[in-house]
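These notes concern the structure reproduced below.
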Amino acid sequence: MSDNDIILRVEHLSRLFGMNKSAAQKMIAEGAQKDEIYKKTGVTVAVNDVSFKVRRGEIFVLIGLSGSGKSTIVRCLNMLQRPSSGKILFEDTDISQFDKKELRDYRRQKIAMVFQSFGLMSHRDVLGNVAYGLEIKGVAKAQREEKAREMIKMVGLEGLESKNIGELSGGMRQRVGLARALANDPDILLMDEPFSALDPLVRRDMQFELLRIQQKMNKTIIFITHDIDEAFKLGQTVGIMRDGRLIQLDTPENMTANPADDYVKEFIESADKSRIFSASHIMMTPTCLVHLRDTGPIALKEMQKNGVSSAYVINNHLELMGVITQDGAISARREGKTVDQYMITDLPRVSPDTSINDLMPIAADARFPIAVIDEQNRFTGIISKAAVISSLL
C-alpha cells in the first residue's frame, strides 16, 4: 500500500469520557481493562490506541458489539468527537489542527455522514432533502437541483422527487439520505449502521445498492455495523473492535482463515461463508484443453491423459469457446472433422469475484464444471459441484 493510495490515516487514537482522564490513562498504560478503569476512575474508555489506514476507493468496515468504540471512532473522523490523544490525518493533514473555517470546509467538502436514523427533514420533499447540503454551500438553485436529481436517479428514486418524506418507506428514506450525502460529492462517506433499522430484505437491497454505487462512483466509504455478514459482504478491509481496541484488521478471507484470537474466531463463526468466499478461492486450473482446430483423436488423447470424459475448447486468445465430450470427440473422429463442429457452447460462466452464494444455484443445474472467465475474457479456472459444497463445510 503506497502513501499515494492512503486517503485517511488514524494513528494511536484514543477517546476518553469523564473527568479523571490522567488517572485513567495511567491505568491504561499499566494494562488495566475498560471495566476496571471505569470502576476506579469513573472514566469510560471509548477508544483505546487505535491505528489504521484507509485506501482511496475502498469500503472499510468497522464491526463490533454495542460499546466497542466503533461509532465513537466515526465521530472522531469528522470531529463531532475530539480525540483525547492520537492523530487523524486526512491526506496527511492533521484534522485536529483545523481552525473553525477549515473544519467547516472539511465537513462540507471532504466528508459526509449517513445516519441510522436517516436525519431527513419532514417539511421538505425528496428533492429538497437531497439538495439541502448544496443549498448550505451556497450552490445556485438550478445547479443544486440538477445535481440532486442526478443523485436521486443514482439511488433508484427517479420520479419521487416531489414526494413528502412521510410517504416513503424506511428503505426509500435511507436512499434519500444516501443521495443527500453523495450530492455533496465528498471524498469520504461515513456510514454509521445505516441499514440496521431496516427489515432484512430491504437491508439486503440497500447493501447491493451501496456496492453498485461504490463501483460506479469509486467513493471511499467507512462503514460501521454490528452484523458480521454485512461486514464481510461489503468490506474490502474489516476491523473488529472490542472494548475500545482494534483486535484484528484484515480482509474477510484472511480473517476467516486466520482469526487473531478466540474472540475473533467466535465472532465470525456465525458468518455465512457463502458470502465471504468467491470463485477465485475455490477454482482449479483447467488441465484438459484442446484447440478449435484440433481433431477428434487429439481430443480423445487429451481426455485419456487427464482421466476425464470431456475437454474445454479454447481459441488462440485463451478464450473459452465450448466443451467437447467423449461422444462428441468420437463423432469428430468418425467424420474426420475438428472439435468445433461438435462442441457444446451453452456453458455456465462466472467471474473470479462471484460469491459462493451466487455459485450454488448455477452449480446445481450445471452439466459441466463452471468456467471462470476474467476481465479480459480469458479462461482462468473451473469449479466443480464438489468444490462449491466443500467450501461451505
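- Annotation: Tyr132, atom OH; neighbour count of heavy atoms from other residues, nucleotides and ligands within 6.0 Å does not exceed 12.
- Between Met191 and Leu178, the closest side-chain pair of non-hydrogen atoms falls below 4.5 Å.
- Taking the side chain as every heavy atom from C-beta outward, Phe267 and Ile247 never approach each other to under 4.5 Å.
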(message) Before you tell me yes or no, could you show the steps for Asp327 and Thr325 under side-chain hydrogen bond (donor to acceptor under 3.5 Å, both in side chains), namely the whole-Å CA-CA distance, both residues' side-chain angles and the distance that decides it to 0.1 Å?
(response) CA-CA 5 Å; Asp327 289 343; Thr325 64; 5.3 Å; no

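- Contact record, Val339 with Gly296: CG1-N, 4.4 Å, taken as the closest heavy-atom pair.
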(message) As a quick check of understanding, evaluate side chain to side chain contact (heavy atoms under 4.5 Å, CB included) for Glu335 and Tyr342, giving each step before the final call.
(response) CA-CA 11 Å; Glu335 300 295 330; Tyr342 294 90; 3.0 Å; yes

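- A donor-acceptor pair under 3.5 Å links the side-chain atoms of Thr380 to the main chain of Val372, judged by distance alone.
- Contacts of Pro186 classified as side chain to side chain contact (heavy atoms under 4.5 Å, CB included), with partners at least two apart in sequence or in another chain: Ala112, Asn184, Leu189, Lys219.
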(request) Give the C-alpha distance, both sets of side-chain angles, the deciding distance and a yes or no for side chain to side chain contact (heavy atoms under 4.5 Å, CB included) between Phe195 and Asp227. (result) CA-CA 10 Å; Phe195 307 148; Asp227 185 323; over 6 Å; no

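- For the side-chain hydrogen bond (donor to acceptor under 3.5 Å, both in side chains) test with Asn254, the passing option among Asn258, Thr256, Asp250 is Asp250; the others fail.
- Residue Asp346 places its CG atom among 12 or fewer non-hydrogen atoms of other residues, nucleotides or ligands, all under 6.0 Å distant.
- Nearest heavy atoms, Val54 versus Thr220: CG1-CG2, 3.6 Å.
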(request) Go through Ser96 and Arg82 one step at a time and tell me if the side chain to side chain contact (heavy atoms under 4.5 Å, CB included) criterion holds. (result) CA-CA 7 Å; Ser96 68; Arg82 284 198 167 266; 4.2 Å; yes

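- Other residues, nucleotides and ligands contribute over 12 non-hydrogen atoms within 6.0 Å of the CD atom of Glu91.
- Here the CD atom belonging to Gln236 is positioned 6.0 Å from the CD1 atom belonging to Ile59, to the nearest 0.5 angstrom.
- Taking both residues in full, the closest heavy atoms of Lys70 and His226 are given as CE-N, 4.3 Å, listed atom of the first, atom of the second, then distance.
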(message) Run the salt bridge (charged side-chain N to carboxylate O under 4.0 Å, His left out) test on Lys305 and Glu302 for me, step by step, so that the C-alpha distance in whole Å, both residues' side-chain angles and the decisive distance to 0.1 Å come before the verdict.
(response) CA-CA 5 Å; Lys305 183 169 65 175; Glu302 281 297 310; 3.0 Å; yes

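- Between Asp294 and Ile324 there is no side-chain heavy-atom pair separated by less than 4.5 Å.
- Put simply, the side chain of Ile240 reaches to within 4.5 Å of the side chain of Ile268, judged on heavy atoms.
- Between Arg55 and Ile6, some side-chain heavy-atom pair lies under the 4.5 Å cut-off.
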(message) As a quick check of understanding, evaluate side-chain hydrogen bond (donor to acceptor under 3.5 Å, both in side chains) for Asn20 and Thr41, giving each step before the final call.
(response) CA-CA 6 Å; Asn20 198 4; Thr41 68; 5.7 Å; no

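- Using a 4.5 Å cut-off between side-chain heavy atoms of Ile, Leu, Val, Met, Phe, Trp and Tyr, Leu134 falls into a hydrophobic cluster with Val139.
- How far CZ of Arg245 is from NZ of Lys34: 11.5 Å, rounded to the nearest 0.5 Å.
- Ring planes of Tyr312 and Phe379: tilted class, angle from 30 to 60°.
- In this structure, Asn164 CG and His123 NE2 are separated by 10.5 Å, a value rounded to the nearest 0.5 Å.
- Although no hydrogens or angles enter the test, the distance criterion places a donor-acceptor pair under 3.5 Å between the side chain of Asn315 and the main chain of Leu318.
- A donor atom on one side chain and an acceptor atom on the other are found under 3.5 Å apart for His291 and Asn316.
- Around NZ of Lys21, the count of heavy atoms belonging to other residues, nucleotides or ligands within 6.0 Å exceeds 12.
- Between the side chains of Thr338 and Asp340, at least one donor N or O sits under 3.5 Å from an acceptor N or O.
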(request) Start with the C-alpha gap between Asp353 and Ser351, add the side-chain angles, then the distance that decides, and say whether side-chain hydrogen bond (donor to acceptor under 3.5 Å, both in side chains) holds. (result) CA-CA 6 Å; Asp353 59 358; Ser351 66; 2.5 Å; yes

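- Between Leu127 and Ala148, the closest heavy-atom pair is CD1-CB, 3.7 Å.
- Between Arg367 and Ile344, some side-chain heavy-atom pair lies under the 4.5 Å cut-off.
- Heavy-atom neighbours of Met19 CE from other residues, nucleotides or ligands within 6.0 Å: at or below the threshold of 12.
- Rounding to the nearest 0.5 Å gives a distance of 8.5 Å between CD1 of Ile221 and CG of Leu234.
- With contacts defined as side-chain heavy-atom distances shorter than 4.5 Å, the pair His12/Ser85 does not qualify.
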(request) Output, in order, the C-alpha distance, side-chain angles, deciding distance and verdict of salt bridge (charged side-chain N to carboxylate O under 4.0 Å, His left out) for Arg212 and Glu209. (result) CA-CA 5 Å; Arg212 183 186 66 81; Glu209 193 72 21; 2.3 Å; yes

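- Within a 6.0 Å radius of CD in Gln376, more than 12 heavy atoms belonging to other residues, nucleotides or ligands are found.
- Taking CD1 of Ile7 as the start and CZ of Arg56 as the end, the distance is 4.5 Å to the nearest 0.5 Å.
- The pair Glu230-Lys233 does not meet the salt-bridge criterion, since no charged nitrogen lies less than 4.0 angstrom from a carboxylate oxygen.
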(request) May I have the step-by-step check of side-chain hydrogen bond (donor to acceptor under 3.5 Å, both in side chains) for Asp105 and Gln109, ending in yes or no? (result) CA-CA 6 Å; Asp105 290 345; Gln109 308 286 346; 5.4 Å; no

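- With hydrogens and angles disregarded, a donor-acceptor distance shorter than 3.5 Å links the side chain of Arg173 to the backbone of Leu168.
- Summarising the local packing, NZ of Lys163 is surrounded by 12 or fewer heavy atoms from other residues, nucleotides or ligands at distances under 6.0 Å.
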(message) For a side chain to side chain contact (heavy atoms under 4.5 Å, CB included) check, start with the C-alpha distance between Arg107 and Lys110, then their side-chain angles and the critical distance, and finish with the verdict.
(response) CA-CA 6 Å; Arg107 288 171 175 167; Lys110 303 299 183 181; over 6 Å; no

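- Within a 6.0 Å radius of CG in Asp99, more than 12 heavy atoms belonging to other residues, nucleotides or ligands are found.
- The shortest heavy-atom contact between Met79 and Pro83 is CE-CD, 3.6 Å.
- Contact of the Met113 side chain with the Arg75 side chain is registered, since non-hydrogen atoms from C-beta on lie closer than 4.5 Å.
- Considering every non-hydrogen atom in both Val50 and Gly244, the closest pair reads CG2-O, 3.4 Å.
- Rounding to the nearest 0.5 Å gives a distance of 13.0 Å between CE of Met283 and CD1 of Ile370.
- Hydrophobic cluster membership for Ile37: Leu16, Met27, Ile28, Val43, Val45 (Ile, Leu, Val, Met, Phe, Trp, Tyr linked by side-chain heavy atoms under 4.5 Å, directly or transitively).
- For the pair Arg204 and Phe208, the cation-pi test (distance below 6.0 Å, angle within 45°) is failed.
- Under the 4.5 Å side-chain heavy-atom criterion for grouping Ile, Leu, Val, Met, Phe, Trp and Tyr, Phe17 is not connected to Leu80 through any hydrophobic cluster.
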